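We count residues from 1, following the sequence as given. From a predicted model like this one, the values you see are computed outputs, not experimental measurements.
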Amino acid sequence: MTAITRNNESPTITNSKNTEDSERSVAIRAYLEYTKTILPTMATSLGRQSANQLVTWPIHNDHCFQRVVLDTICQAPWYDVIPSPAYKNLSLEQARAAKALCKKIANNQVCLTTLNNRSKAWRNKQAKFDF
């Protein structure tokens, strides 16, 4: 859809495709910031005592967070759904979902261990057992 708006007496054309592309770019940048910086930093700082309990996350590396997030939003190994490189090929919906999931992980609203184990199961990898 195309709309014409007047801005300081000059007509400008705004296109909903441009708006979607912009929103997609913002969501992808947020997803990358979370998976490359925020979540790995949180993972390494969480390996400390909290209320007499050791708080740890099962993954610490940026590529692992990217795998878990993308596999979760695809409900399969991401490379079966999204062409590589994934961050360049995410749809607007996928980018929004990735950003939202990253926020949920950062706020402890989802179980990262469960997400990691599901990701491994989709890839036929052995889940890690802690005894």
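Here the closest heavy-atom approach between residue Ala43 and residue Ile59 is recorded as CB-O, 3.5 Å. Summarising the geometry of His60 relative to Pro40, their closest heavy-atom pair is O-CB, 3.4 Å, with the distance given to 0.1 Å.
Criterion: ILVMFWY side-chain heavy atoms under 4.5 Å apart, direct or through other members. Under it, Leu115 and Trp122 are not part of a common hydrophobic cluster. The same ILVMFWY cluster, assembled from side-chain heavy atoms under 4.5 Å apart, contains both Met42 and Leu32. Linking Ile, Leu, Val, Met, Phe, Trp and Tyr whenever their side-chain heavy atoms come within less than 4.5 Å leaves Ile73 and Val26 in two separate clusters.
Every residue meeting the side chain to side chain contact (heavy atoms under 4.5 Å, CB included) condition with Glu20, not counting sequence neighbours, appears here in chain and number order: Leu92. By the side chain to side chain contact (heavy atoms under 4.5 Å, CB included) test, Val81 pairs with Cys74, Ala76, Gln94, sequence neighbours left out. By the salt bridge (Lys or Arg N to Asp or Glu O under 4.0 Å) test, Asp62 is found to be paired with no residue, residues two or more places apart in sequence or in another chain being considered. In terms of the side chain to side chain contact (heavy atoms under 4.5 Å, CB included) criterion, residue partners of Ala86 (sequence neighbours excluded) are, by chain and number, Leu70, Trp78, Ile82. Residues forming a salt bridge (Lys or Arg N to Asp or Glu O under 4.0 Å) with Arg123 (at least two apart in sequence, or on another chain): Asp71. When the side-chain hydrogen bond (donor to acceptor under 3.5 Å, both in side chains) test is applied to Asp21, the partners found at least two apart in sequence or on another chain are Lys17.
Once rounded to the nearest 0.5 Å, the distance linking CG of Asn61 with CD of Gln66 reads 10.5 Å. To the nearest 0.5 Å, atom NZ of residue Lys103 and atom OH of residue Tyr31 are 15.5 Å apart. The structure places NZ of Lys104 at 14.0 Å from SG of Cys111, a figure rounded to the nearest 0.5 Å.
No more than 12 heavy atoms of other residues, nucleotides or ligands lie within 6.0 Å of CZ in Arg118, so this atom counts as exposed by the packing criterion.
Leu39 places none of its side-chain heavy atoms less than 4.5 Å from the side chain of Leu112. By the 4.5 Å heavy-atom criterion applied to side chains, Lys99 and Glu33 are not counted as neighbours.
The main-chain N or O of Tyr34 is never found under 3.5 Å from a side-chain atom of Thr37 such that the two would form a donor-acceptor pair. Side chain of Thr72 to backbone of Val68: a donor-acceptor contact under 3.5 angstrom is found.
Only one option out of Asn108, Asn116, Thr113, Thr44 pairs with Trp57 in a side-chain contact (heavy atoms from CB on, under 4.5 Å); it is Asn108.
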